[in-house]
There are 2 protein chains.
Amino acid sequence: MGTVGKAISLLELFTVDEPELGLSDLARRSGFDKATTRRLLLALTGHGFVEQDAATRRYRLGAGLSRLARIREARFPFLQTAVPLVRELAASTAETVHLSEFGVDALVTVHVEHPAWANRVNIDIGQLLPLHSTASGIAYLAFARDETVKACLTGSLKAFTAHTLIEPAAISTSIGETRDRGYSICDQGFEEGVISVAAAIRAADGFALGTIAVAAPKARTTPAALPERGLAVMAAAREISMRLNGENLQTLRRQA
Amino acid sequence: MGTVGKAISLLELFTVDEPELGLSDLARRSGFDKATTRRLLLALTGHGFVEQDAATRRYRLGAGLSRLARIREARFPFLQTAVPLVRELAASTAETVHLSEFGVDALVTVHVEHPAWANRVNIDIGQLLPLHSTASGIAYLAFARDETVKACLTGSLKAFTAHTLIEPAAISTSIGETRDRGYSICDQGFEEGVISVAAAIRAADGFALGTIAVAAPKARTTPAALPERGLAVMAAAREISMRLNGENLQTLRRQA
DNA sequence: GGATGTCGGTTCATTATTTGAACCCTTATT
DNA sequence: AATAAGGGTTCAAATAATGAACCGACATCC
């Protein structure tokens with residue numbers, strides 16, 4: 001791995017649960033030498049990608065990242081556009097709704113709305129969702145480029161629960177159904193006791209760029225509720241796609 | 001400069017006005033060799049910090065940045081907290097209101113609300129504001145650590161207009177007045193014909209972490225309007241500080 | 001229509017940067 | 001008073017970054 005990759009993988013050690021880490025911790029988790037880790041952190045701090053707490057000496061993600069993310073968001077207002085519809089869907093379903101965007105080889109959660117229930121599905125911002133074993137992932141693949149689908153299915157597929165589909169053929173079938181139906185269903189494929197439905201949000205070229213999904217405890221989900229939820233998530237995804245692409249869904253390559 | 005710094009400075013070439021750049025363009029502007037530039041871009045794309053448009057082959061900022069920025073925002077909800085108050089202030093003043101956060105050695109604009117006027121002050125998200133020559137900068141320095149102030153005043157101070165204060169003594173005076181008054185005034189110090197007032201947003205330790213500012217065309221600003229505007233911006237800054245620090249302004253080291 | 005310029009991308013010998021074991025200092029913990 | 005763990009630093013050795021030259025594709029211009 002090049003130096004740049006190392007620096008970035010340091011940044012990727014920070015999570016919502018552990019937003020502040022010490023030098024030794026970072027060195028241990030990254031596997032880099034302490035001196036190396038520190039030099040990388042220094043370079044990152046110098047550009048505002050990392051900040052160091054003056055009192056505790058621990059490191060956290062810096063304002064430079066916010067700046068660049070806002071520049072990106074100005075060009076491509078994904079969050080701004082989608083968040084209101086995520087809220088609406090969360091209100092109408094009274095379940096956890098999350099929004100993700102494709103990045104490298106997984107979906108990254110960029111926004112979440114949680115319901116008031118004590119028993120609910122908890123998802124963190126920044127969490128990575130594998131493509132083959134989540135409702136979002138399948139919804140994405142249903143409208144992804146062929147090479148993306150192929151790359152996903154030829155990789156090694158991890159089984160997260162006893163229900164996770166890991167045979168490429170079974171996943172292909174699921175993708176096909178999703179394409180016909182317009183939304184995907186994932187029954188405990190990622191976490192035991194959680195059932196999700198998702199639909200793809202698509203760019204002007206018709207390919208998926210992200211997803212919106214509803215995740216609920218299986219215990220409180222009746223079979224009858226699923227199609228209803230699926231249609232709602234599909235409607236939200238379509239609305240977001242339309243708003244992003246200036247109302248002209250015609251240009252979408254494949255119809256949902 | 002280390003390789004990491006070079007990679008980051010590539011990212012910093014993207015702006016709201018030019019959110020997509022080609023390889024040769026990036027190489028030219030960064031001053032790096034084309035091969036080097038490409039290798040850096042490859043490393044950045046591999047981690048989702050940069051994306052390449054499949055059709056035009058041009059590069060843009062990637063989703064990985066949004067992901068990290070959201071993780072940061074989850075820990076420290078600066079935008080979420082401040083944006084509603086920025087909106088309010090924009091509505092009540094009917095002028096451009098902008099929010100900035102300190103990063104490395106300047107303030108970075110993270111949010112802007114523009115009024116409906118045709119003649120207004122335009123500010124882009126991501127724009128960097130120098131500390132010595134903007135209302136935001138002076139407001140920040142008024143509640144910054146002594147070493148930050150010193151570092152700023154000993155550097156070389158650029159005059160952006162004929163009105164820019166560049167003598168350290170004059171700037172110190174301005175900082176002192178701001179500390180006493182609670183808000184700063186900058187009369188055309190950054191751009192001809194623009195007059196701004198700003199106040200510092202402060203962390204739990206009492207030091208500034210960002211600013212909120214109102215920028216207006218000097219032509220339509222009466223001397224009487226300034227103190228009114230100053231008090232409004234100060235009230236907004238104090239409210240944001242309180243919400244960020246859990247209502248306990250007592251812990252703030254210095255009183256505004 | 002062929003000469004010229006630009007662009008994205010690649011190669012490989014040369015060169016400069018990154019690396020990490022050992023070290024120091026400070027702050028808990030026992 | 002001894003031990004461990006954390007942040008930070010040093011410098012010879014090892015490794016990774018560099019850039020001039022080159023390729024093919026496309027556009028433009030007499």
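One can place CZ of B:Arg28 at 15 Å from P of C:dG5, the figure rounded to the nearest angstrom. As rounded to whole Å, 17 Å separates atom P of C:dC25 from atom CZ of A:Arg57. The distance from atom CZ of A:Arg39 to atom P of D:dA14 is 17 Å, rounded to the nearest whole Å. Taking atom CG on A:Leu26 and atom C1' on D:dA5, their separation rounds to 15 Å, with Å as the unit. Distance CG (B:Asp53) to P (C:dG8): 12 Å, rounded to an integer number of Å. Atom P of nucleotide C:dT10 and atom CG of B:Asp33 are separated by 14 Å, given to the nearest angstrom. As a whole-Å value, the separation of B:Phe32 CZ from D:dT18 P is 8 Å. One interatomic measurement links the two molecules: CG of A:Leu41 to P of D:dG8, which rounds to 9 Å at whole-angstrom precision.
Of the listed nucleotides (C:dG9, C:dT11, D:dG8), D:dG8 has the atom at the smallest distance from the side chain of A:Leu23.
Between D:dT9 and A:Arg38, a contact under 4.0 Å exists linking OP1 or OP2 to a side-chain N or O. Contact check, A:Tyr59 against D:dG6: no side-chain N or O comes under 4.0 Å of OP1 or OP2. At the phosphate of D:dA17, neither OP1 nor OP2 sits under 4.0 Å from any side-chain N or O atom of B:Thr36. Distances shown here put a side-chain N or O of B:Thr3 below 4.0 Å from the OP1 or OP2 atom of C:dT18. Taking side-chain N and O atoms only, A:Arg58 has no distance below 4.0 Å to OP1 or OP2 of D:dG7.
Ion pairing between A:Glu18 and A:Arg29 holds under the 4.0 Å rule for side-chain N and carboxylate O. Between A:Asp53 and A:Arg57 there is no salt bridge, since no side-chain N of the basic residue sits under 4.0 Å from a carboxylate O of the acidic one. At a threshold of 4.0 Å, the pair A:Glu20-B:Arg75 counts as salt-bridged, since one of the basic side-chain nitrogens sits closer than that to a carboxylate oxygen.
When all heavy atoms of A:Leu165 and A:Ile171 are compared, the pair lying nearest together is O-CD1, 3.5 Å.
No option in B:Ile175, B:Thr134, B:Ile138 other than B:Ile138 meets the side-chain contact (heavy atoms from CB on, under 4.5 Å) test with B:Ser184.
Between A:Gln52 and A:Lys6, the residue anchored nearer the 5' end of DNA chain D, judged by the nucleotide with its closest heavy atom, is A:Gln52. Comparing A:Leu42 and B:Met1 against DNA chain D, the residue whose closest nucleotide sits nearer the 5' end is A:Leu42.
No N or O donor and acceptor, one from the side chain of A:Lys34 and one from the base of C:dG20, sit under 3.5 Å apart.
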